[in-house]
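Okay, structure first, notes after.
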Amino acid sequence: MKSSLLALSFVTLISAPGLSSAGEFEPAIGVGHQFGGVLGGQFAYKTPSTKYYASVGLVGFAAGLQTTFSENSKHAYGIVLGREELQSEDGFAFITYDYHFDGFAQKGFVIGTGIGVTREDEGGLYADKGDTETSTSITLNFGYKF
């Protein structure tokens with residue numbers, strides 16, 4: 001699962017459509033699964049209506065994409081895949097919704113949620129029993145785009 005999740009994240013980022021159109025790079029910081037866990041940084045390539053990103057946090061990492069249905073909308077939808085050591089040491093996948101207070105294309109605060117699955121070793125953070133438990137989870141994300 002870990003290697004297939006990483007491979008899927010990498011393929012998504014390098015083969016994403018729209019990378020040939022004019023875009024810009026956007027750094028962000030925040031908390032939640034979209035930022036790699038507890039606290040992390042996100043680096044994105046963004047066009048007017050789509051964003052492809054990779055995140056590294058204190059306890060994990062993630063990769064994903066977001067899109068809007070209209071240019072500079074305040075609402076964005078997407079997916080995020082990754083791993084973090086506290087709740088999903090064997091990986092996570094979420095369908096996400098984010099609200100961008102100043103619009104998708106602008107700098108500023110963003111808040112989001114998502115629903116998906118997390119996979120964790122039944123022994124938790126300190127033990128590896130070999131059995132993996134898959135559960136449905138909800139995520140919350142708070143961040144600031146620079």
Side-chain angles (χ1 to χ4, degrees), residues 1-122 124-126 132-146:
M1 171 67 182
K2 291 178 189 177
S3 60
S4 63
L5 185 63
L6 287 173
L8 179 60
S9 299
F10 181 72
V11 169
T12 300
L13 285 174
I14 64 169
S15 67
L19 288 179
S20 61
S21 64
E24 61 184 24
F25 292 99
E26 176 186 79
I29 59 168
V31 296
H33 286 92
Q34 291 181 24
F35 296 94
V38 176
L39 175 66
Q42 185 182 89
F43 190 69
Y45 180 82
K46 189 167 76 173
T47 64
S49 62
T50 306
K51 174 172 93 168
Y52 308 93
Y53 63 89
S55 304
V56 176
L58 295 177
V59 295
F61 56 89
L65 65 95
Q66 286 186 337
T67 190
T68 63
F69 293 116
S70 63
E71 198 168 306
N72 203 26
S73 171
K74 292 186 177 187
H75 309 280
Y77 310 90
I79 61 169
V80 62
L81 306 168
R83 175 183 172 191
E84 57 93 12
E85 290 298 321
L86 299 178
Q87 181 189 11
S88 51
E89 60 193 26
D90 288 340
F92 62 80
F94 288 100
I95 296 172
T96 62
Y97 163 78
D98 285 357
Y99 180 80
H100 299 260
F101 288 91
D102 295 322
F104 183 76
Q106 306 300 320
K107 299 175 183 182
F109 287 99
V110 60
I111 185 171
T113 188
I115 187 165
V117 295
T118 58
R119 294 176 47 88
E120 182 175 16
D121 184 278
E122 287 184 354
L125 184 61
Y126 301 106
T132 299
E133 178 181 317
T134 302
S135 60
T136 303
S137 296
I138 295 175
T139 183
L140 293 174
N141 301 283
F142 303 97
Y144 186 82
K145 306 177 295 178
F146 297 96

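One-based numbering along the sequence shown.
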Euclidean distance, Phe94 CZ relative to Ile79 CD1, rounded to 0.5 Å: 13.0 Å
To check you understand the geometry: which heavy-atom pair defines the closest contact between Thr134 and Arg119, and what is its length? OG1-NH1, 3.0 Å
My understanding is that only residues two or more places apart in sequence, or in another chain, count here; which of them pass ring-ring contact (aromatic ring centres under 6.0 Å, His included) with Tyr77? Phe69, Tyr97
Kindly give the heavy-atom pair with the smallest separation between Ser88 and Phe92, and that separation in Å. OG-CD2, 3.2 Å
For Phe104, ring-ring contact (aromatic ring centres under 6.0 Å, His included) partners two or more places apart: His100
Using the test side-chain contact (heavy atoms from CB on, under 4.5 Å), find all partners of Ile29 that sit at least two apart in sequence or belong to another chain. Phe146
Considering residues at least two apart in sequence or located in another chain, which fulfil the ring-ring contact (aromatic ring centres under 6.0 Å, His included) criterion with Phe109? Tyr144
Minimum side-chain heavy-atom gap Asp98-Gln34 below 4.5 Å: yes
Rounded to the nearest 0.5 Å, how far does OH of Tyr52 lie from CD of Gln66? 11.5 Å
Excluding sequence neighbours, so at least two apart, what forms side-chain contact (heavy atoms from CB on, under 4.5 Å) with Ser55? Gln42, Tyr53, Ala62
One pair to check against side chain to side chain contact (heavy atoms under 4.5 Å, CB included): Lys51 and Tyr45. What are the steps and the verdict? CA-CA 6 Å; Lys51 174 172 93 168; Tyr45 180 82; over 6 Å; no
Closest heavy-atom pair, Thr68 versus Ser73, reported as atoms and distance to 0.1 Å, is CB-CB, 4.0 Å
Could you list the residues that satisfy side-chain hydrogen bond (donor to acceptor under 3.5 Å, both in side chains) with Asn141, not counting sequence neighbours? none
Summary of salt bridge (charged side-chain N to carboxylate O under 4.0 Å, His left out) pairs that have at least one residue in residues 32-50, sequence neighbours excluded: Glu26-Lys46
Applying side-chain hydrogen bond (donor to acceptor under 3.5 Å, both in side chains) to Ser137 and not counting sequence neighbours gives Gln87, Thr118
Between Phe35 and Gly143, the two heavy atoms sitting closest are CZ-CA, 3.9 Å
In Å, rounded to the nearest 0.5 Å, how long is the span from OG1 of Thr139 to CD1 of Ile95? 13.0 Å
Is there a donor-acceptor pair closer than 3.5 Å between any side-chain N or O of Thr67 and the backbone N or O of Gly78? no
Taking side-chain contact (heavy atoms from CB on, under 4.5 Å) as the test, write out the residues that go with Leu140, two or more places apart. Thr113, Phe142
Applying side-chain contact (heavy atoms from CB on, under 4.5 Å) to Val56 and not counting sequence neighbours gives none
Value rounded to 0.5 Å, distance of CZ in Arg83 from CG in Asp90: 7.0 Å
